[in-house]
4 protein chains.
Amino acid sequence: MTTAPGRPRDRRIDRAVLAATAELLVEVGYADLTIAAVAERARTTKPAIYRRWRSKAHLVHEAAFPTDAERVQVPSTGALDTDLRAMVRACVDVFAHPVARAAVPGLIAEFAADPTLHAALVERLADGPLGTARERLAGAPVDPGSVIEAMAGTTLLALLFRGDGELDDDWIDTTTTLLLKGIAP
Amino acid sequence: MTTAPGRPRDRRIDRAVLAATAELLVEVGYADLTIAAVAERARTTKPAIYRRWRSKAHLVHEAAFPTDAERVQVPSTGALDTDLRAMVRACVDVFAHPVARAAVPGLIAEFAADPTLHAALVERLADGPLGTARERLAGAPVDPGSVIEAMAGTTLLALLFRGDGELDDDWIDTTTTLLLKGIAP
Amino acid sequence: MTTAPGRPRDRRIDRAVLAATAELLVEVGYADLTIAAVAERARTTKPAIYRRWRSKAHLVHEAAFPTDAERVQVPSTGALDTDLRAMVRACVDVFAHPVARAAVPGLIAEFAADPTLHAALVERLADGPLGTARERLAGAPVDPGSVIEAMAGTTLLALLFRGDGELDDDWIDTTTTLLLKGIAP
Amino acid sequence: MTTAPGRPRDRRIDRAVLAATAELLVEVGYADLTIAAVAERARTTKPAIYRRWRSKAHLVHEAAFPTDAERVQVPSTGALDTDLRAMVRACVDVFAHPVARAAVPGLIAEFAADPTLHAALVERLADGPLGTARERLAGAPVDPGSVIEAMAGTTLLALLFRGDGELDDDWIDTTTTLLLKGIAP
DNA sequence: GGGTAATCGAGACGGTACGTCACGTCTTTTT
DNA sequence: AAAAAGACGTGACGTACCGTCTCGATTACCC
């Protein structure tokens with residue numbers, strides 16, 4: 001095992017930059033977020049950030065969907081209806097989080113033109129709740145991908161066109177019911 | 001009836017700009033679309049464009065979803081299954097159109113921060129196929145809004161994460177079936 | 001004798017524009033004076049102004065040195081010393097007037113590149129105090145042009161590099177004395 | 001002794017921009033001189049220029065009156081008449097230089113409205129021939145400022161209203177004589 | 001313990017596009 | 001033909017960020 005030569009990176013900078021990014025996303029939104037502002041907030045410099053992330057989008061997607069987050073637990077009861085409701089709730093929880101909410105529209109725009117970002121985000125989500133959902137749905141009588149597409153897509157559209165408060169228990173009920181009947185044999 | 005004072009706007013410029021925008025969207029994408037390039041392509045100038053549209057996003061949303069387009073006809077047979085399939089197809093047709101496809105991710109990013117754009121797009125879509133769908137679903141035993149949210153959301157997500165060719169008849173079948181069962185009493 | 005065909009010009013517009021120009025010159029200075037602002041202040045329009053003056057400079061030079069002004073009277077006593085002092089005072093009065101003061105630097109810049117303006121201003125001044133001075137100096141034992149050049153040049157430089165209040169009686173005394181001895185045989 | 005942090009400015013850019021400015025001033029004149037054209041000629045960019053000079057006027061005044069120019073030598077013979085003639089000649093040389101000639105009218109217009117430019121130009125000239133003149137005139141029986149005002153003012157007006165060739169030895173003789181007698185006790 | 005190498009803060013670099021402003025002209029209806 | 005109104009093409013403005021680079025100064029590992 002070898003060690004990289006030269007001065008090692010300061011991990012505190014990684015954390016400070018991600019934290020600053022999350023804060024600024026909520027404060028000013030994705031479009032008005034500048035690397036320079038992040039650097040200033042994190043008390044570091046632009047080159048230090050560009051050494052770690054290749055673009056604003058890569059930085060933001062890591063700040064919005066941290067892997068070390070307390071894993072969104074999707075309890076499994078074995079019953080499809082309760083499990084599915086838990087999945088929908090987890091989906092909403094992840095995407096409606098203030099930081100994610102500020103980040104998602106911008107990320108959507110960017111990965112239309114950046115395949116590496118596209119891949120990075122897909123992988124990051126597959127490691128999270130969507131991956132869990134895929135496992136849980138393995139036994140269902142339909143293609144898990146279609147259900148996830150419907151679930152995530154419906155959530156995304158609601159997120160974009162509805163206010164925060166509208167994605168409440170009622171909305172989760174309605175959506176779960178629709179999906180559940182759709183799945184039924 | 002009175003006439004507005006002063007020199008009237010040249011409507012040919014409106015048309016030329018919208019056409020140039022649509023072309024350039026497909027050629028270079030939303031992010032790399034500049035007003036200056038649109039002006040040059042349309043053989044006019046930046047101020048003439050800014051006189052008509054308050055931002056790139058407002059211009060693009062009009063270019064991507066023209067109201068004077070040959071209205072997407074959603075034939076009504078009276079039978080819910082065939083009608084719903086027609087709606088899904090119309091939805092795909094609208095959003096998968098090359099111009100719309102290039103515009104949508106960028107628009108999503110912008111109207112997260114621009115309420116006026118949000119309102120403009122909602123109204124524009126409500127006048128189109130989504131409004132038609134809302135009417136057709138009026139008699140169904142569920143909330144039309146929920147169905148439209150699921151239909152459009154699923155289509156949007158598929159559009160973002162799948163290739164063009166994947167939104168074929170099979171995909172429409174699968175999605176229609178899922179929604180149909182979800183609607184069923 | 002014939003009359004021009006068509007609607008005759010409204011002379012009130014000429015006056016209103018000149019008055020507005022004088023006001024705005026003092027308020028915002030030459031550089032920030034726009035034809036549009038003059039038009040608005042004079043309650044008319046840009047084309048009406050362009051019909052009368054070929055450029056901002058031509059308009060300003062007429063506003064700053066009106067021919068119909070109460071002619072600066074330079075009393076002649078027949079004695080060179082008192083006459084010269086009166087000329088210096090008249091020169092200061094003309095160029096230190098608030099409107100002229102605001103106009104002169106800008107005009108200087110413009111007629112470096114506009115021969116027609118150059119000629120117009122020379123003629124306008126020759127009809128005024130400088131022409132009078134030239135007549136009075138006809139009998140002096142030196143070239144009148146040189147004296148006028150020295151007198152006007154000294155005044156101009158003082159105007160540019162000194163405050164308004166500094167061109168007082170003392171300054172006029174000092175300058176008159178210098179010129180007077182310079183003229184002496 | 002400390003060094004300023006960050007990447008140091010490239011002094012070659014300073015020189016290239018000043019040279020380009022001088023060239024373009026002569027070619028197109030002050031009014032038609034654009035920062036963009038200077039940037040292109042100097043093979044750099046607008047922001048790099050704005051980093052160094054706050055406006056076109058500040059740039060031009062430095063290009064027109066370089067401090068590092070071979071200092072205009074005003075030989076001192078100890079005799080007032082020959083010294084004064086040398087001063088007048090130096091004054092003409094400085095202001096009649098093609099670059100200065102192109103710059104002066106524009107600068108006059110601008111520093112009427114920009115105190116910082118006013119101060120900068122006064123200081124720049126005081127470090128040059130006008131400062132030298134002030135020292136030489138210290139022993140004369142009149143206020144040096146008045147003489148300089150008359151000398152520079154007369155030169156300036158001649159420059160503005162006469163052709164280049166007219167400021168020849170004869171003009172210098174005439175002007176020197178007038179000033180000399182004016183100074184005499 | 002000196003050399004090597006990548007990091008750090010700082011800020012200038014070349015570059016691109018921005019959205020605005022004023023210009024002077026033109027087109028319309030009305031007088 | 002002039003008036004008021006306002007859009008027109010033109011061209012420059014000064015600014016904002018981009019992502020990279022050049023500094024001098026650290027901070028580690030390696031020999």
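Since we're looking at a predicted model, the values are computed, not measured.
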Practice task
Verify side-chain contact (heavy atoms from CB on, under 4.5 Å) between C/Arg54 and C/Leu117, making sure each step is shown before the conclusion.
Solution key: CA-CA 10 Å; C/Arg54 60 169 61 189; C/Leu117 177 66; over 6 Å; no
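- Evaluation of atom-type donor-acceptor distances gives a pair under 3.5 Å for the side chain of C/Lys46 against the base of E/dG24.
- In this structure, C/Arg43 does not reach the F/dA4 phosphate: none of its side-chain N or O atoms is under 4.0 Å from OP1 or OP2.
- Phosphate proximity of E/dC13 to D/Arg52: present, with a side-chain N or O under 4.0 Å from OP1 or OP2.
- Rounded to an integer number of Å, the gap from B/Arg9 CZ to F/dG9 P is 12 Å.
- Taking 4.0 angstrom as the limit, A/Thr44 places a side-chain polar atom (N or O) nearer than this to OP1 or OP2 of E/dG9.
- Interface remark: the B/Arg7 side chain does form a donor-acceptor pair with the E/dC26 base, using a distance-only criterion of under 3.5 Å.
- Within the 4.0 angstrom heavy-atom criterion, base atoms lie near D/Arg51.
- Rounded to an integer number of Å, the gap from CZ of A/Arg12 to C1' of F/dA28 is 14 Å.
- Look at B/Thr45 and you won't find any side-chain N or O under 4.0 angstrom from OP1 or OP2 of F/dC8.
- The shortest distance between the side-chain N/O atoms of A/Thr34 and the OP1/OP2 oxygens of F/dA16 is not below 4.0 Å.
- Nearest heavy atom pair, residue D/Ala103 against residue D/Ala64, reads CB-CB, 3.7 Å.
- The six-membered or imidazole ring of C/His61 lies away from that of C/Phe111, with a centre-to-centre distance of 6.0 Å or more.
- The number of heavy-atom neighbours closer than 6.0 Å to CD of A/Glu27, taken from other residues, nucleotides and ligands shown, is above 12.
- You'll find that the side chain of D/Ile35 is closest to F/dC13, out of F/dC23, F/dC13, E/dA10.
- Considering only side-chain atoms of C/Pro47, the nucleotide from E/dG24, F/dA16, F/dG6 that sits closest is F/dG6.
- In this structure, B/Ile49 atom CD1 and E/dC21 atom P are separated by 17 Å, rounded to whole Å.
- Atoms CZ (D/Arg54) and C1' (F/dC13) sit 18 Å apart, rounded to a whole Å.
- One interatomic measurement links the two molecules: CD of A/Glu110 to P of F/dC18, which rounds to 11 Å at whole-angstrom precision.
- The side chain of C/Tyr50 sits closest to E/dT25 out of E/dG11, E/dT7, E/dT25.
- In terms of heavy-atom proximity, D/Ala63 sits nearest to D/Val99 at O-CG1, 4.0 Å.
- In terms of position on DNA chain E, the residue among D/Ile13 and A/Asp10 whose nearest nucleotide sits closer to the 5' end is A/Asp10.
- Along DNA chain F, the nucleotide nearest B/Arg11 and the nucleotide nearest A/Leu33 are compared for position; the residue whose nucleotide lies closer to the 5' end is B/Arg11.
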